[in-house]
Amino acid sequence: MSRIPQASTPRSQTRPAVKTTLTASTSRSRASSPSKPLASTSSPASTPRVRTKSIPKSPSKSVRRESPEEEIPVPKVPALSIKEAIALKRAEAKKAAAKSITSDANLDTFEGLEDAVPGSSLTKKHEDDALELGRWSVKETIERARSTGTLNLASRSLPCLPSALFEIHLAITPDPLESVVQEPSITSTESPSKRQTQRSGPAWFEAQDLQVLKAWCNEIAEIQHEISLFGSLKVVDLHQNKISTLPDTFADLTALTTLDLSHNSLTSLPRNIWTLPALSHLNLSHNALTSLPFGEPFGDGTSSAKGDTWSTGGFFGPVITRATIPLPRLLDLDVSFNKLTASTIDYNNLPSALTKFDLSSNPISSRNAESAVLLRALGSLERLKELRFSYATITDDAFPASLTSGDGARVFPALGLLDLEETQATTGGVQQALSGLKQTLLFDFTKDEPPEDMLRIAVGKKVVKEPWEIEAERRARHRNGQSQGSDWADSLPKETQPAQEQAREARENEHDLFVEGVRRPSCTARPAASDGATSQPERKIDSPASSQCSSVPGSCTSQPPIVNLTNMQYFNGGTQTLTLPPLAPPTRSHTRSFSLAASTLGPSLSKGKIDIALPTPTLPLTVISAQPFAQTLQTLVLSNRKLDLSVVLPSLTSESGFPLLPALEELVLGGCGFGDTVTVMHQGEDSLSAPPKSTEALLPLLTRLFPSLRTLDLTYNFLTSSALRKDALAGLIMASPQDTPARKGLRHLRLRGNRITDLDGFQELAEVFKGHRVLSDWKLEELDLRDNEIAKLPPELGLLPLDVFLVDGNV
């Protein structure tokens, strides 16, 4: 309680001091405190009196009222103080510094776009300059290259190599170029600012000689001759520019190992560029070069170089060491897409260490006969592994039969790839010319490296296959008998040949059991005859088994077996569909496709993989009509049966007017190769005599044999307009209930991919619709004439009441 009187007593005694203090506080908070407007309007003399009168005499109440006024915090002033401004500036500086460090770490990682590929050997921690915003300026990039030895000026739209490169690295000023009037600025305002303590360049003991120069994708048209002073350059990449000539001093860069001048406008090269001793990769593609004078710097002979080591002058001048033979270490040479011919290539002085040589898209054989001499010179290169002539002008004249005559082991001894894609060279000519090589010739192209003892050749259209596809095709050729079994067995080791003989005997025994199983049902179905020699069959079967029996008189005295086609592999009882396999595979068959038909060559009979009792004619009606399902068969598919283009009929067909397949509604003969006429054979009763043959028109024959036919598919055959006569079409399409047997009328006729040139027959047939639009005998709904040679469509075809009419793909 002693605290309260002590606070009030000095206040009453020192009132003038309190007045001064209140006046100062009032003036300080006049602008910022909105709770004291009255204090600002009153005079300074009246202010203390007002506040003194408002203070009560009670000590407890005076303490309660004075404490809020003294302890209320003053609101913040909008204007920043000096300390606050300094702190804010420091925070902004730290944020800008952190942002610049992040951008440098993200953008200055790779030396160029090609160096950003994962796994690249050039991807290092301290590589320079990306190609987008935030990269170093040209000048700063040149300065940083002094400590790294690598300079990347790619994609900067430079008209020439900057003069600052020579000034900063060599302390010289290059001579001005005629093609560049004024060089653009090489500084950038967007480049990161340097610290005050950072040096402008590396110390003298940290500097490195320039070894890598990349200036691709610019607009450089000319190179300064002072470029030769960079004697330590090993890699120079100047592709995708506009360079038309190179200075002669460019060939003084004798330390070069990789040189890329592709996609420029070069018409010639410096004379001494063929004397670079360490160059291993040279890319000159997509230029306008007309010659390759490898031996020009050496005079008449490659070993007569006058001096291989000399100085440019002065005590400190660079020493230039030249080779005594053309490019002794060159491994990869790419001169594709130029204007080189065989006569303009110095084939007598080819680099001896070449392993890859690309001459694609060059007029090699244009108006000269030296292409064969060029191939013979290339064949003498002992290390050559890849030789490419794709899309080049080269013919079979470059591959004479005498190319590998004599000692063929010395011609292309290490060649593993010969690319002749889309050239005029043929497979036969190349195979005959290279038949004397020690390598095995392979005309299947894959992405894998060929083995050392094989030569992979690509001729014509290159089809890249997987290794498993090539192996499957090889096995399929052996399985189908395309390769001789005896030669294949002779190539096997001696210990494996008995196993092959046992496997062949097992397959033959299996075949004999199968044929015997086919004979038993036919033998039990008919009554046994007392004498097998006097038994006469009702219908002869045209099959290889019967032909074999007839060829040896007396060996087969029993009835020839009837071929059983009720196997679910051929016949579908649910849809009443019979499908016979094709007899000839397509020209380019897939690796997993195979033929189930019997081969007439003989070796396939012992393999046990196919049914040899299948008939060979395209339309074997003699065999089909003898099956138990002949009266109910509705669909017959005989596609791609090209081996024997004939129709085999039983002899009863000509005597009786009843159809062989009365219920057949759909017949598919696509891809069989039928023309306007077809060979017809009538199988007689005498199995020893050959059946008589005759030639009949195809469409009338099908009309007579299959009166119930509703769908006829003759796509991809060789029918012409001569087969489409009005009478033939009317008999095939129109229904005829009064005939015996009655014809139901055709609904779908598919003639796609034939050789039809005009539609005169359909035009004459359409005239029957003039005057009346409805004919009860007309049943055709679909007509497919795609991919023929029809020049125009007669307007009368619009009268035909068709639902589907397809004519696209014609002329």
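- Note on K234 versus D209: no salt bridge recorded, every NZ/NE/NH1/NH2 to OD/OE distance being 4.0 Å or above.
- Distance alone, capped at 3.5 Å, is enough to place a donor-acceptor pair between the T141 side chain and the S137 backbone.
- For the pair V212/L151, no side-chain contact is recorded, criterion being any heavy-atom separation below 4.5 Å from C-beta on.
- Heavy-atom minimum distance, L233 versus I227: CD1-CD1, 4.4 Å.
- L246 has its side chain within reach of L261: a pair of non-hydrogen atoms, C-beta onward, lies under 4.5 Å apart.
- Remark: the backbone N or O of P270 is not paired with any side-chain donor or acceptor of D248 at under 3.5 angstrom.
- Rounded to the nearest 0.5 Å, atoms OG1 (T446) and CG (L417) are 9.5 Å apart.
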Open item on the list: Set out, in order, the CA-CA distance, both residues' side-chain angles and the distance that settles side-chain contact (heavy atoms from CB on, under 4.5 Å) for F337 and L284, then state yes or no.
Closed with: CA-CA 9 Å; F337 294 91; L284 300 173; over 6 Å; no

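- The minimum heavy-atom distance linking S262 with N287 is given by the pair CA-ND2, 3.9 Å.
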- [ ] Kindly determine whether K214 and D260 satisfy salt bridge (charged side-chain N to carboxylate O under 4.0 Å, His left out), including the steps that lead there.
- [x] CA-CA 10 Å; K214 298 181 179 180; D260 191 349; over 6 Å; no

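- Side-chain contact between V235 and L213 is absent, with no heavy-atom pair separated by less than 4.5 Å.
- When the options T249, I172, L170, T173 are evaluated for a side-chain contact (heavy atoms from CB on, under 4.5 Å) with E226, the one that passes is I172.
- Scanning all heavy atoms of the two residues, the minimum distance from D252 to S228 falls at CB-CB, 3.8 Å.
- Judged by distance alone, the side chain of N362 and the main-chain N or O of N338 form a donor-acceptor pair under 3.5 Å.
- For the pair L354 and L327, the minimum side-chain heavy-atom distance is 4.5 Å or more.
- In this model, a donor atom of one side chain and an acceptor atom of the other lie less than 3.5 Å apart for D237 and H239.
- With H169 contributing its side chain and I142 its backbone, the two residues share a donor-acceptor pair below 3.5 Å.
- T148 and T150 share no side-chain donor-acceptor pair at under 3.5 Å.
- Summarising the geometry, atom OG1 belonging to T355 is positioned 5.0 Å from atom CG belonging to L331; distances are rounded to the nearest 0.5 Å.
- A ring-ring contact (aromatic ring centres under 6.0 Å, His included) check over residues 255-281, counting only residues at least two apart or in different chains, returns the pairs H263-H286, W274-F294.
- Among residue pairs with one or both ends in residues 371-395, none qualify as ring-ring contact (aromatic ring centres under 6.0 Å, His included); sequence neighbours excluded.
- Looking only at distances, no side-chain donor or acceptor of R383 sits under 3.5 Å from a matching main-chain atom of S352.
- Side chains of T341 and I364 form no contact here, defined as non-hydrogen atoms less than 4.5 Å apart.
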- [ ] For the pair L153 and L158, evaluate side-chain contact (heavy atoms from CB on, under 4.5 Å) and give the outcome as yes or no after the intermediate values.
- [x] CA-CA 8 Å; L153 298 176; L158 297 175; 4.0 Å; yes

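- For the side-chain hydrogen bond (donor to acceptor under 3.5 Å, both in side chains) test, residues two or more places apart in sequence or in another chain that qualify with D396 are T426.
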- [ ] Step by step, work out the side-chain contact (heavy atoms from CB on, under 4.5 Å) result for Q424 and I394.
- [x] CA-CA 6 Å; Q424 299 179 10; I394 188 170; over 6 Å; no

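- Distance OG/S155 to CG/N218: 6.5 Å, rounded to 0.5 Å.
- Around CZ of R271, the count of heavy atoms belonging to other residues, nucleotides or ligands within 6.0 Å exceeds 12.
- Proximity of a side-chain donor or acceptor of S265 to a complementary backbone N or O of K242 within less than 3.5 Å is not detected.
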Task: Verdict with reasoning, Y347 to V373, per side-chain contact (heavy atoms from CB on, under 4.5 Å) - done: CA-CA 8 Å; Y347 45 78; V373 184; 3.5 Å; yes

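- The NZ atom of K356 sits 9.0 Å away from the NZ atom of K385 when rounded to the nearest 0.5 Å.
- Note that OG of S280 is 11.0 Å distant from CG of L276, once rounded to the nearest 0.5 Å.
- Summarising the local packing, CD of E92 is surrounded by more than 12 heavy atoms from other residues, nucleotides or ligands at distances under 6.0 Å.
- Closest heavy-atom contact between E386 and L384: O-CD1, 3.6 Å.
- Remark: the S435 side chain and the Q432 side chain contain no N/O donor-acceptor pair separated by less than 3.5 Å.
- Between D453 and T440, the closest side-chain pair of non-hydrogen atoms is not below 4.5 Å.
- A salt bridge links K465 with E473: at least one charged nitrogen is closer than 4.0 Å to a carboxylate oxygen.
- Annotation: the span from L161 atom CG to I223 atom CD1 amounts to 4.5 Å, rounded to 0.5 Å.
- Of all heavy-atom pairs spanning Q224 and C160, the tightest one is NE2-SG, 4.1 Å.
- The neighbour count for Q208 CD, taken as heavy atoms of other residues, nucleotides or ligands under 6.0 Å away, is above 12.
- Contact annotation: the side chain of T257 never approaches that of L279 to less than 4.5 Å [non-hydrogen atoms, C-beta and beyond].
- With sequence neighbours excluded, the residues satisfying side-chain hydrogen bond (donor to acceptor under 3.5 Å, both in side chains) with S360 are D358, S390.
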- [ ] For the pair D419 and K462, evaluate salt bridge (charged side-chain N to carboxylate O under 4.0 Å, His left out) and give the outcome as yes or no after the intermediate values.
- [x] CA-CA 9 Å; D419 191 354; K462 183 189 296 183; 3.0 Å; yes

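- Residues passing the side-chain hydrogen bond (donor to acceptor under 3.5 Å, both in side chains) test with S179 are E222, sequence neighbours excluded.
- For the residue pair R388 and S336, no side-chain donor N or O sits within less than 3.5 Å of a side-chain acceptor on the partner.
- When the options N349, N348, T344 are evaluated for a side chain to side chain donor-acceptor pair (under 3.5 Å) with D346, the one that passes is N349.
- Partners of S163 under the side-chain hydrogen bond (donor to acceptor under 3.5 Å, both in side chains) rule, at least two apart in sequence or in another chain, are E183.
- Taking the side chain as every heavy atom from C-beta outward, L165 and F230 approach each other to under 4.5 Å.
- Contact record, P400 with A433: O-CB, 3.2 Å, taken as the closest heavy-atom pair.
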